[in-house]
Amino acid sequence: MSVAGGIPGSQERLGFEVSRIRGDFPALHQEVYGKPLIYLDNAATTQKPQPVIDAMVRFYTCDCANIHRGVHLLSERATRNYEDSRTRVKRFINAADESEIVFVRGATEGINLVAQSYVRPLLERGDEILISALEHHSNIVPWQILCEEKGARLRVVPMNMRGELLLEEYESLLRPRTRLVSVAHVSNALGTVVPVERMIGMAHRRNIPVLVDGAQAVPHMKADVARLGCDFYVFSGHKVYGPTGVGVLYGKKHLLEAMPPYQGGGDMISSVTFEKTVYNRLPYKFEAGTPNIAGGIALGAAIDYLEAIGLDRIAEYEQDLLRYATEAFSNLPGVRLIGTAAEKAGVLSFVVEGVHPHDVGTILDQEGIAIRTGHHCAQPVMDYFNVPATARASLAFYNTREEIDALAAGIRKVAEVFS
Ligand code: 7TS
């Protein structure tokens, strides 16, 4: 591996020590095709800092045991570390209590859990579930499955050509039969920051509960469930510099209490006979089977890492980088940004005139630049903007202005190759 990550220069902006931060991410310090890796696919998944990797290694090296059951020391240690992580998550999103933090596989599983355990028992023919036009498939398909089964209707809040939701239309879609609003906090395909706080207020005035899909928000801004007032909030560990296979469902305690278990198995019970099972208390009622213990512990390490830098400083740095990149894109001939909302976070979705996004991605890859191309699991967004796919560069706080310059140069090269 050659060291290409610690590019010095103008990135030491805003007192944000990006070259030191880059030093914490081993994967950034490699070459691909003989070029320094420029990793701009952070909305798909983020690279991991050394403390997160260390936490995984430490678990498997020293503390490997199952949790909540052993009397032996290793199991006690593993249990304590896993539950400490839950406390960190609670603090991180400002939940009231650890019992409101359910560890799941990721945002997708969190949404499916709410669909199956909260909405399914109360949904009747003619009821409505309200989502928005900018959702990821994870926040569309679980509701479609339910609506189909129950004869309910999926309603969609429309957006404008900048990728902003239309709040007047939203208000008119909050109806007596609306059983839940489920909306992204930040769009993965457009970068739009959705005004969820306002939308939750509007829904709550009509006693409609709200789930917020925070998969793309938590990496970029302080997500405060108490301030938002949301009823449910989900996010994925791997998008916040933690491991894959672990995520979080936050739910208000009284709602979680009333919900039936999502899956049956070990750990979610308090007693079992062949006649009757008594379920465990929250949050274990929703955590059947051996969980991703190493992942849960390492997610705690990721949160520690983020908090040590500070979400406010991360947001400030990334907003500066986003402005810089947006300006750079405006000088690229034949390039159109898809998603130009007034409030955005970390995503530049774009098309290059006359070039298929996959070709854009392939040529950039040869330059060592990793972006994502395709529909980003948000096909309705692509349909709305009348494009089959986009190329998407998504930012993290370890990215630099120099990397944006390299991206812009790469896109110019794409345009030249195809002209
Ligand atoms: N919700 C949003 C807004 C997302 O962006 C994603 C993943 C998910 C839910 C699902 O997360 P998971 O961890 O459960 O898979 N988004 C992306 C993406 O934009 N590129 O790859 C995955």
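Indexing begins at 1, ligand by ligand and atom by atom, following the structure's order.
The nearest protein atom to atom 4 (C) of ligand 1, hydrogens excluded, is given as His136 CD2, 3.4 Å; this is a heavy-atom distance.
At least one heavy atom of His238 sits closer than 4.0 Å to an atom of ligand 1. At least one heavy atom of Ala43 sits less than 4.0 Å from an atom of ligand 1.
Scanning for salt bridge (charged side-chain N to carboxylate O under 4.0 Å, His left out) contacts around Glu100 gives an empty result, with sequence neighbours left out.
Between Asp213 and ligand 1, an N or O atom pair is found at a separation short of 3.5 Å. Residue Arg392 places at least one N or O, backbone or side chain, under 3.5 Å from an N or O of ligand 1.
Remark: among candidates His376, Arg105, Arg372, the nearest residue to atom 18 (C) of ligand 1 is Arg372, based on non-hydrogen atoms. Of the listed residues (Asn42, Asn139, Thr108, Asp41), the one carrying the non-hydrogen atom nearest atom 10 (C) of ligand 1 is Thr108. Among Glu109, His375, Lys239, the residue whose heavy atom lies closest to atom 16 (N) of ligand 1 is Lys239.
The Ser138 neighbourhood of ligand 1 comprises atoms 9 (C), 10 (C), with distances under 4.0 Å to a heavy atom of that residue. Using a 4.0 Å cut-off to heavy atoms of Ala215, the atoms of ligand 1 that qualify are 1 (N), 2 (C), 4 (C), 9 (C). Listed by number with element, the atoms of ligand 1 under 4.0 angstrom from any heavy atom of Gln216 are 3 (C), 4 (C), 5 (O), 16 (N), 19 (O).
A ring-centre distance under 6.0 Å is not found for Phe286 and Tyr262.
Side-chain atoms of Glu353 and Val335, non-hydrogen and from C-beta on, never get closer than 4.5 Å to each other. Within the 4.5 Å cutoff, side-chain heavy atoms of Arg392 are placed close to those of His376. Put simply, the side chain of Leu255 reaches to within 4.5 Å of the side chain of Tyr118, judged on heavy atoms. At a threshold of 4.5 Å between non-hydrogen side-chain atoms, the residues Glu316 and Asp312 do not count as touching.
Put simply, CD1 on Ile297 and CZ on Arg86 are 11.5 Å apart, with the number rounded to the nearest 0.5 Å.
Of all the heavy atoms of Ser236, the ones lying under 4.0 Å from any atom of ligand 1 belong exclusively to the side chain.
Annotation: Glu168, atom CD; neighbour count of heavy atoms from other residues, nucleotides and ligands within 6.0 Å does not exceed 12.
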